Amino acid sequence: MNKNIYMDNAATTPMKKEVLDAMIPYYTEKFGNPSSIYAQGREAKKALDESRDKVARILGATDKEIFFTSGGSESDNWAIKGACYANKNKGNHIITTKIEHHAVLHACEYLERNGFDVTYLDVDEYGMIDIDDLKNAITDKTILITIMFANNEVGTIQPIKEIGKIAKDNDILFHTDAVQAVGNIRIDVEELNIDLLSLSAHKFYGPKGIGALYIKKGTKIHPYIHGGAQERNKRAGTENVASVVGLTKALELAYENLDEHNNKLKRLRDKLINDITKNISHTKLNGHPEKRLPGNVNISMKYIEGESLLLSLDMVNIAASSGSACTSGSLDPSHVLLAMGLSHGVAHGSLRLSLGDFNTEEEVDYVVENLIDIVARLRKMSPLFENVKEEE
Amino acid sequence: MNKNIYMDNAATTPMKKEVLDAMIPYYTEKFGNPSSIYAQGREAKKALDESRDKVARILGATDKEIFFTSGGSESDNWAIKGACYANKNKGNHIITTKIEHHAVLHACEYLERNGFDVTYLDVDEYGMIDIDDLKNAITDKTILITIMFANNEVGTIQPIKEIGKIAKDNDILFHTDAVQAVGNIRIDVEELNIDLLSLSAHKFYGPKGIGALYIKKGTKIHPYIHGGAQERNKRAGTENVASVVGLTKALELAYENLDEHNNKLKRLRDKLINDITKNISHTKLNGHPEKRLPGNVNISMKYIEGESLLLSLDMVNIAASSGSACTSGSLDPSHVLLAMGLSHGVAHGSLRLSLGDFNTEEEVDYVVENLIDIVARLRKMSPLFENVKEEE
Amino acid sequence: MYTEKVMEHFRNPRNVGEIEDADGVGEVGNAKCGDIMKIYLKIENGIIKDVKFKTFGCGSAIASSSMATELIKGKSIEEAMELTNKAVAEALDGLPAVKMHCSVLAEQAVKSALLDYSKKNNIVIEGLEDFNPDEDHHH
Amino acid sequence: MYTEKVMEHFRNPRNVGEIEDADGVGEVGNAKCGDIMKIYLKIENGIIKDVKFKTFGCGSAIASSSMATELIKGKSIEEAMELTNKAVAEALDGLPAVKMHCSVLAEQAVKSALLDYSKKNNIVIEGLEDFNPDEDHHH
Ligand SMILES: Cc1ncc(COP(=O)(O)O)c(C=O)c1O
Ligand SMILES: Cc1ncc(COP(=O)(O)O)c(C=O)c1O
């Protein structure tokens with residue numbers, strides 16, 4: 001197999017051809033500024049309106065509740081800071097988890113430095129929060145609960161509906177970072193009692209640099225980027241029409257084929273998990289065995305370090321990711337794996353293979369085959385493995 | 001002439017073919033996440049690094065001083081709020097002008113609601129600030145001067161070098177919204193003493209939804225979008241590689257052909273100004289006669305209202321813009337024209353024709369011809385014009 | 001943003017112009033707000049025989065004036081008095097929310113011209129007792 | 001991000017393995033930080049006759065170990081003592097800034113093995129008087 005095998009779809013996805021095809025006209029003839037009243041502007045405005053409508057419908061929202069942003073990180077920052085500042089007269093307490101994406105964690109930490117209190121909920125060994133912990137964390141100063149829909153590293157899916165209900169019952173805003181969930185899970189914001197939801201197109205075969213924030217009607221939230229009257233006066237900046245059209249097309253495709261997509265991914269995922277853990281000793285699946293994203297495989301490969309694993313995989317044209325500190329430029333390995341109770345050493349050696357629509361069974365076989373050799377080679381080099389062999 | 005004539009290049013520009021061609025590979029095969037270490041990621045990272053380097057070189061900066069954003073509005077918000085919050089220990093006073101873009105004005109107003117004081121400098125009838133006003137406005141609490149390079153409505157170019165020098169001498173940060181200037185004016189941030197500079201690609205034949213903020217080395221500024229370690233930990237979010245490549249290509253093309261572009265634009269601009277003011281009575285050029293953007297024409301057409309003028313132009317396939325309140329959804333006409341001393345009535349009737357690389361002399365003739373008829377027709381309908389005719 | 005009907009009336013406004021010897025003239029709005037409408041009426045035996053308008057304003061202001069004049073032409077004063085801004089907007093297949101004030105202006109311009117007529121002829125038109133266009137007009 | 005040289009040493013690391021009857025063994029780093037290096041020395045007449053390493057760590061850790069062993073193999077103890085992390089990094093055509101600590105670790109692993117040798121043989125190696133690898137190692 002001499003083509004590239006891409007198994008890092010949780011980091012970003014290849015864009016679908018249909019998506020690019022839908023975008024191109026808005027880069028060429030339909031380039032107008034949607035705020036303008038002449039033909040080119042109206043065409044762009046129409047595309048924007050129709051896109052908003054389609055996105056809304058897919059999420060069970062109305063068009064007036066969808067705001068386009070520059071991606072997941074902006075959506076998270078806006079939702080959290082915008083909602084907290086707008087509601088600070090009601091309280092200054094936020095509840096989140098220890099396994100959020102950095103866009104949420106660092107936004108919360110920023111607010112901590114600016115007068116807010118944040119509770120970071122623990123998770124269990126599967127990356128699941130405890131609903132009672134959430135209930136106990138609520139105080140009369142709690143104004144926002146922000147808990148991710150599905151985790152980007154280990155794929156664990158939180159009980160969003162229950163969380164939404166608790167938030168609603170306590171009159172607290174509920175934001176969910178659904179960046180990994182959108183395109184993989186059917187979501188109805190109404191049914192799930194979600195007030196704010198972040199999504200990002202490049203996670204579901206759309207372009208990078210475009211996302212959306214769902215803001216339930218009536219939610220008090222400040223704009224985050226001030227300026228022109230775009231996005232109903234809530235998010236300034238000339239609209240990125242081509243990318244909005246791309247996001248929408250990608251979202252439509254994802255939900256048209258959701259069952260097919262999920263069945264295929266789950267089959268490949270379970271095969272991958274099975275084949276790896278069966279054929280390689282000292283491996284352990286991270287994340288929830290059932291409540292996990294259809295394409296997520298996260299396995300600790302004890303006694304070896306993640307970055308050298310990734311480099312070795314890259315040498316045989318396999319693209320994957322790891323919770324190793326060495327790949328993130330930070331000192332500590334994945335905060336998610338640590339929160340789930342993994343030791344630093346084991347967390348450094350975790351491997352994430354995230355499957356997507358373009359992966360095949362043949363590729364899964366190729367990955368497993370190569371992984372067996374690579375792990376053996378790296379372990380042979382590892383001083384940590386010496387003693388293990390002796391123990392065995 | 002039955003093709004569309006686009007003369008609203010200050011609102012947004014058509015994307016150049018070379019730009020789209022440069023972007024496409026980053027939507028197709030080179031789609032990787034630049035933070036990843038495998039082949040697809042490295043390709044994307046390389047493109048990102050090279051782009052940053054090229055943009056830096058064109059602005060007289062270094063690569064470590066260029067941060068990509070989602071556009072001009074984000075750059076403005078980041079520069080202003082990020083710098084003010086990071087320097088609030090030094091003071092809480094900001095100096096800006098009355099003719100800034102809303103992205104700057106509303107960011108300043110936001111800060112006013114949060115403990116900062118803002119001085120909005122007046123401008124003269126040409127839209128120029130008075131350097132003495134600026135000097136007099138400085139207090140020992142002034143931490144930021146934010147003054148636009150060139151105005152988007154009337155094209156007036158401010159004395160940036162002088163402003164930069166004053167800021168530097170007084171140890172105050174200087175931000176300039178150069179969204180309209182970049183691509184039209186040669187800029188050396190070092191020579192002009194600029195600490196922070198905003199730019200946006202879709203104003204110079206690049207894609208929408210991508211921009212940059214130049215941050216001079218050593219400038220104290222908070223990140224605006226928190227999260228991942230992208231953009232040297234200062235601007236989170238998976239990088240929009242395709243658009244960054246597009247921005248860079250567009251910027252390179254703009255500066256390769258700057259003189260040619262400017263000569264052509266100035267020629268068409270002056271012809272347009274001349275032909276309109278000569279052939280239509282009761283018209284007046286807005287903005288500075290010389291210190292103006294090469295493509296900007298802004299003329300008040302007394303006794304008629306801007307939106308009906310634009311609709312009429314659209315009927316003959318001409319795309320233009322106006323300072324009329326009716327086109328902005330607000331009650332008041334252009335704050336820029338009002339600051340320059342125009343009456344409400346006259347400001348409502350202003351017309352902006354902004355020329356770009358794709359306009360021709362033939363188009364200019366066509367516009368003037370049609371404008372003569374349209375203005376005559378609308379004036380015939382205008383109750384304000386009755387008395388005028390009598391006076392004449 | 002505008003309906004085809006609005007655009008059609010904008011492109012081909014009906015009844016543009018002045019009536020030299022008008023029986024009633026009304027002008028509402030001001031240049032500051034960006035719209036002024038002036039309506040001229042020719043009234044015979046309580047019937048609006050002719051009507052003309054002049055408008056400084058945006059597309060919907062012109063279309064609203066045009067439509068309003070169409071709706072009252074040939075009608076009795078009483079019928080003209082029943083003209084509402086809603087009727088003008090509906091006849092145009094709707095106006096954007098931010099432009100509804102244009103239809104209000106059209107209604108008021110008609111009333112204002114009728115008021116002028118009533119004053120000149122020293123008659124009372126029911127419904128105009130408290131009418132004050134300057135007071136009512138705001139965006 | 002890595003130079004071709006780093007990748008070459010990562011792909012084909014020199015001197016991987018153990019020396020059963022090593023004269024000196026040094027281990028630095030810890031699993032918590034994500035890198036551990038273990039170096040085995042065979043020393044005869046003050047000359048490093050053989051050297052092997054085992055490393056748990058990232059690409060640059062493995063390449064640095066490999067390069068360090070290459071640089072000291074066949075050299076005298078004094079020459080090996082002169083090995084600096086900078087020399088390791090330079091021999092690899094450079095390391096990313098965030099990875100410089102890997103070359104530090106390699107230098108320390110060598111020193112640590114030499115220290116072990118000196119202790120076992122009750123000799124003093126100049127420059128190791130104050131060496132404490134556990135204390136020095138941090139990212
Ligand atoms: C002077 C000026 N500043 C800021 C902006 C905002 O840029 P963007 O629309 O890319 O956010 C614009 C254009 O809309 C502008 O002309
Ligand atoms: C869970 C989660 N939240 C937020 C983000 C940030 O999205 P973006 O990179 O589009 O800003 C990501 C991906 O990077 C993610 O996986």
Side-chain angles (χ1 to χ4, degrees), chain A residues 4 6 8 11-15 20 24 27-28 31-33 35-41 70-74 76-77 101-103 106-107 109-110 200 202 207-210 224-229 236-243 307 310-311 313-314 317-321 327-330, chain B residues 4 6 8 11-15 20 24 27-28 31-33 35-41 70-74 76-77 101-103 106-107 109-110 200 202 207-210 224-229 236-243 307 310-311 313-314 317-321 327-330:
Chain A
N4 289 323
Y6 186 74
D8 201 14
T12 196
T13 50
M15 207 159 83
L20 181 57
I24 298 282
Y27 280 140
T28 54
F31 67 88
N33 187 323
S35 306
S36 312
I37 67 175
Y38 42 76
Q40 296 93 328
S70 69
S73 300
E74 184 191 328
D76 286 342
N77 274 262
H101 189 269
H102 282 135
H106 293 171
E109 288 159 11
Y110 173 82
S200 183
H202 72 100
K208 296 175 180 59
I210 189 80
Y224 194 56
I225 296 184
H226 292 90
T238 304
E239 300 92 338
N240 188 347
V241 183
S243 294
E307 195 213 70
L310 297 190
L311 290 173
L313 287 167
D314 181 48
N317 301 321
I318 298 167
S321 143
T327 62
S328 68
S330 75
Chain B
N4 288 323
Y6 186 74
D8 201 14
T12 196
T13 51
M15 207 159 82
L20 181 57
I24 298 281
Y27 281 139
T28 54
F31 67 87
N33 187 322
S35 305
S36 312
I37 67 175
Y38 42 76
Q40 295 93 328
S70 67
S73 300
E74 183 190 330
D76 286 342
N77 274 262
H101 188 269
H102 282 134
H106 293 169
E109 288 159 11
Y110 174 82
S200 184
H202 72 99
K208 295 176 181 56
I210 189 78
Y224 194 56
I225 296 184
H226 292 91
T238 303
E239 300 91 337
N240 187 348
V241 184
S243 295
E307 196 213 69
L310 297 189
L311 289 174
L313 285 166
D314 182 47
N317 302 318
I318 299 168
S321 145
T327 64
S328 67
S330 74

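Just so it is clear, the values below take in all heavy atoms, side chains as well, and ignore hydrogens, waters and symmetry mates. Throughout, a chain's letter reflects where its sequence line sits, starting with A, and its residues are numbered from 1. Note that this is a predicted model, so its numbers are computed, not measured.
Two residues are said to be in side-chain contact when any heavy atoms from C-beta on lie closer than 4.5 Å; Gln40(A) and Tyr6(B) meet this criterion. Put simply, the side chain of Ile37(B) reaches to within 4.5 Å of the side chain of Leu311(A), judged on heavy atoms. Counting heavy atoms from C-beta outward, Thr238(A) and His202(B) have side chains that approach closer than 4.5 Å. Contact check for Ile210(A) versus Asn240(B): no side-chain heavy atoms found under the 4.5 Å cut-off. Using a 4.5 Å heavy-atom threshold, the side chains of Tyr38(B) and Leu313(A) count as separate.
Highest contact tally toward chain B, considering only Gly237(A), Gly72(A), Ala236(A), Pro14(A), is held by Pro14(A) [criterion: heavy-atom pairs under 4.5 Å]. The choice from Ser200(A), Ser73(A), Ala107(A) that makes the most heavy-atom pairs within less than 4.5 Å of chain B is Ser73(A). Your options are Ala11(B), Pro207(B), Gly71(B), and the one with the most heavy-atom pairs under 4.5 Å with chain A is Ala11(B).
Only the side chain of Leu20(B) has a heavy atom closer than 4.5 Å to any heavy atom of chain A. Interface residue Glu239(B): only backbone heavy atoms are found under 4.5 Å from chain A. Proximity to chain B is absent for every atom of Ala242(A), based on heavy atoms less than 4.5 angstrom apart.
In terms of the side chain to side chain donor-acceptor pair (under 3.5 Å) criterion, residue partners of Ser70(A) (sequence neighbours excluded) are, by chain and number, Glu74(A), Arg235(B). In terms of the ring-ring contact (aromatic ring centres under 6.0 Å, His included) criterion, Tyr27(A) has no residue partners (sequence neighbours excluded).
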Criterion side-chain contact (heavy atoms from CB on, under 4.5 Å) on Ile225(B) and Asp76(A), from CA distance to verdict: CA-CA 9 Å; Ile225(B) 296 184; Asp76(A) 286 342; over 6 Å; no
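Although no hydrogens or angles enter the test, the distance criterion places no donor-acceptor pair under 3.5 Å between the side chain of His102(B) and the main chain of Gly227(A). Looking only at distances, a side-chain donor or acceptor of Asp314(B) sits under 3.5 Å from a matching main-chain atom of Ala39(A). Between the side chain of Lys208(A) and the backbone N or O of Ser243(B), no donor-acceptor pair lies under 3.5 Å. At distances below 3.5 Å, at least one donor-acceptor pair connects side-chain atoms of Asn77(A) with backbone N or O atoms of His226(B).
The shortest non-hydrogen separation linking Ser36(A) to Asp8(B) is OG-OD2, 3.8 Å.
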